[in-house]
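Heads up: the structure comes next, in C-alpha cells.
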There are 2 protein chains.
Amino acid sequence: MAGKRLTLADVARAAGVSKMTASRALRDAGDVSRESVEKVQRAAREIGYIGNPIAMSLSSQRTNLVGVVVPSASNIVFAEVLAGITEALSDSGFQPVIGVTDYDLDREAETIRSMLSWRPAGLIVTGLDQPEAARRLLEHAGLPVVQIMDTDGTPTDGCVGIAQTDAGAAMGRALLEQGRRRIGYIGCDLAGDTRATKRWLGFEAALAEAGVPLAGTLVADRSSSIAAGRQLTAEFLSQHTNIDCIYYSNDDIAVGGLFHCLHAGIPVPEEILLTGFNGLDLVEALPVPIATTITPRHEIGFKAAELILAAAERRSTRVDTRIELPTRIEMAAGFH
Amino acid sequence: MAGKRLTLADVARAAGVSKMTASRALRDAGDVSRESVEKVQRAAREIGYIGNPIAMSLSSQRTNLVGVVVPSASNIVFAEVLAGITEALSDSGFQPVIGVTDYDLDREAETIRSMLSWRPAGLIVTGLDQPEAARRLLEHAGLPVVQIMDTDGTPTDGCVGIAQTDAGAAMGRALLEQGRRRIGYIGCDLAGDTRATKRWLGFEAALAEAGVPLAGTLVADRSSSIAAGRQLTAEFLSQHTNIDCIYYSNDDIAVGGLFHCLHAGIPVPEEILLTGFNGLDLVEALPVPIATTITPRHEIGFKAAELILAAAERRSTRVDTRIELPTRIEMAAGFH
DNA sequence: ATGAAAGCGCTAACAT
DNA sequence: ATGTTAGCGCTTTCAT
C-alpha cells in the first residue's frame, strides 16, 4: 500500500530511456521516435504512473486550470453556466476551478486573488462592475479574463453576456404592448446583483418613455428565492390595488409570486401577468403561464471557456473579444 | 505592468532577512522574532507579494486542496452540500476543488483520478457504491476519503450521510398510517443514482410488510427534473386508476407531479397525496402541501469537510468515522 | 532523436 | 532565532 509515489524517473527506468524522453513521449511533445513513444506509454501504463500536475506547473510556469468566480453555487443559473464551461473544457486538458463569493463584494476580491495565485490559464468572472480592488486585480492579472453575464459596460479584457439594460427595456415595451398599465416591480438582493439593477432601470425607462409610471416598487435586501417571491408578492398586493402586471428581478421570485396567486385564488395571467427573467426549466413546467426573458446561460459559459482556450492556445495574455448574445421574450412560458 | 512575478526572495530582500525567515514569518511557523514577523509581513504587503501555492505544494508535499466529486452541479441538492463544504472550509486555509461526473460512472473514476493527481488533503465523494475501478482508486488513495449522502454500506474510509433504505421504509409506513393504500412509485435516472434505488427498495419492502403491494411503478431512464415529473405523472395516471398516493424518487419530480395535478384539476392532497424526498426550499413554498423527507444536505457537506480538516490537522491518512444523520418526515410541506 | 544540466519557488532538515 | 543546503518532480534550454 501507499509506498512512494511513482515519478517520471520510474517510468524512464522501466522504459529504458532518459527522463527527458519519457517526459516528451508522455506529452506528445514531438521529436521522439514512434518507438520510444510506445515504449514509454506502455511502461507508464504498466507501472500505473500518474503525472504530478504540481511539478509540471511549477516547471513549465503554466497550469491547466481555468478559474471561475461566480456569486452563488446554489443558484441554478450559475450552475448552468458552469455546466457550459465544463462542457467546453472537457477533453481540452483544462480543468475549471470554482470560487463562490455569495454576493459578498469583499470576498470577491479575495477569491479572485486566491485564484490568481494558482496562475490559471485564464479567469472567468461574473459581471462587469467589480469594485475597485477586484477590478485592479483583473487588470493586472496578466492572463486572459472573461467577464460574463453582462455586456453593458467596458470589460477589463473580454466579455460574454447579454445586454441587461436592453433586456429590461424590451420586457417593459412588451408588457405595454399587452395592454398592461398598472405595473409593479419586485426585486431581491439588488446591491449584490448589478445585472438585475440594470434590467430594472431599463424596464422603468421603457415605461417612462411611454408615459407609464411604475405603479409600485418593492425591493428587499434579502437573497432571491421562491419563498421570498411569495412573501414579497403578498406584501406588495396588500399595499397596491388594481395591479395588472408585476416584473420580478428573476424567475425564482416570479414563481414565488405565482405560488402566492395560486394560493390566494388570483387568476394568472388574466388578472395579473407575472414576469420573471431567465427562462428556467422550472418556469417551462409551470401549470399556469408566466412571462419571462429567455437567456442563454449554458452558451454564455461555453463561449467564455472557448475564449480562454483560444487565448491559451495562442499563448496570449488577452482575450480582447466581446460577445453579446441575444435574448428572447416569451409571454406565456409554462406548459399549458 | 506584468513584469516578473514577485517571489519570496523579493520579500526577503525588502525585509532584510533570509528567504527562510521570510518564509517562516509569512506562515507563522514559529521560531521567528516578533520583530522579524512584522518586518516581513509589512514588506510583503508593501511590495504586493502573493505566495505561489504551486511551489509551496511541491516543496512541502502537501496541498491546501480538498477534492469534491459530485454527480451533478445543477442539482440544487449538491449545490447545498457544496455550500456546506465551502462554509466548513472557509477560514481554514483549505480550498475545495469540484469535479462533476454527470452521473456517468466512467467519468467518475476519471474524475477521481484527476483529483488525486493533485494530491489533495482529502477527498469527498458522493455515494457508497462506486464501481470497482473507482473504489480501488479510493482505497489506494493514501489520503482521507469521506463518502457522502449514504450510510447504507461499507465506506472505504469515512462516511457522512443518511440511511437511505430506512428513509424509504419510514415514508412507506407513514403513508400507510395516513390510510393510503393505492400507492404508486415514479422515479428517474435510477441507474446513476443508487441512493434513490435504495429508498425505493426500502419503501416497497415496508409496504409489502403490511401486505400492500405497489399499485404501479413508472421508472424512466432520463434525468430527474420538474418537467420529467410532470410528464411521467400524466402518463402514470393515465395507466392506473384510483391511485391515492405517489412516492417520487425526489422533490423535483414530485413538484412536476403536483404541477400536473394542478393543471388537470386533481385535488392535492385530498385525492392524491404526493411525496417527494429532500425537503427543498421549493417544496416549502408550494401553494399546496405535499409530503417529503427532510434531509440535512448542508450539514452533510459541513461535517464531511470537518472530518477532512480534522484528519489533515493530525496528519492522518484516514478519517475512519461514520456519521449517520437523522431525517424527518413532513406530511404537509408547503406554505398553506 | 536523445540526453545532461539547470532551475521553477518554495520548504524540510540540518546547521549555527 | 536565523541561515544554509538540498531537494520536491517536472520541463526548459542547450548540447550532442
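The sequence lines fix the lettering, A, B, ..., with proteins before strands; numbering per chain opens at 1. What you are looking at is a predicted structure, and each value in this text was computed from that prediction instead of being measured.
- Nucleic acid contact class of S36(A) (heavy atoms, under 4.0 Å, all strands): sugar-phosphate only.
- Heavy-atom nearest nucleotides on DNA chain D were determined for I54(A) and for R62(A), and the one closer to the 5' end corresponds to I54(A).
- A straight line from CZ of R24(B) to P of dC14(C) spans 14 Å, rounded to a whole angstrom.
- Atom CE of M20(A) is separated from atom C1' of dA5(C) by 12 Å (rounded to the nearest Å).
- A nucleotide of DNA chain D counts as in contact with chain B when one of its atoms lies under 4.0 Å from a heavy atom; the first and last such, 5' to 3', are dA1(D) to dG9(D).
- Nucleotide dG9(C) holds its P atom 8 Å from the CZ atom of R119(A), rounded to whole Å.
- Counting heavy atoms from C-beta outward, V125(B) and E108(B) have side chains that approach closer than 4.5 Å.
- Side-chain contact between I54(A) and R119(B) is absent, with no heavy atoms from C-beta onward closer than 4.5 Å.
- Here S23(B) does not reach the OP1 or OP2 of dC10(C): none of its side-chain N or O atoms lies under 4.0 Å away.
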List the steps and the verdict of side-chain contact (heavy atoms from CB on, under 4.5 Å) for V100(B) and L82(A).
CA-CA 10 Å; V100(B) 178; L82(A) 286 178; over 6 Å; no
N/O to N/O distances under 3.5 Å, protein versus nucleotides 6-8 of chain C:
unit_1: dG7(C); atom_1: N2; unit_2: S59(A); atom_2: OG; d: 3.1
unit_1: dC8(C); atom_1: O3'; unit_2: Q61(A); atom_2: NE2; d: 3.1
unit_1: dC8(C); atom_1: O2; unit_2: L58(A); atom_2: O; d: 3.3
unit_1: dC8(C); atom_1: O2; unit_2: S59(A); atom_2: N; d: 3.2

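- The side chain to side chain contact (heavy atoms under 4.5 Å, CB included) check on D10(A) picks up L6(A), T7(A), R13(A), I47(A), with sequence neighbours excluded.
- The local environment of NZ in K39(B) is crowded, with over 12 non-hydrogen atoms from other residues, nucleotides or ligands closer than 6.0 Å.
- Heavy atoms from other residues, nucleotides or ligands lying under 6.0 Å from CZ of R314(A) number more than 12.
- Within the 4.5 Å cutoff, side-chain heavy atoms of L8(A) are placed close to those of Y49(A).
- The nearest whole Å value for the distance from the CZ atom in R5(B) to the C1' atom in dG9(C) is 13 Å.
- Between D31(B) atom CG and dT11(C) atom P the separation is 15 Å, expressed in whole Å.
- Listed pair Y49(B) / dC10(C) meets the phosphate criterion, a side-chain N or O lying under 4.0 Å from OP1 or OP2.
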Item to complete: Would you check, one step at a time, whether the test side-chain contact (heavy atoms from CB on, under 4.5 Å) holds for R135(B) with Q147(B)?
Response: CA-CA 11 Å; R135(B) 175 146 195 120; Q147(B) 286 162 289; 4.3 Å; yes
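- A donor-acceptor pair under 3.5 Å links the side-chain atoms of S57(B) to the main chain of P53(B), judged by distance alone.
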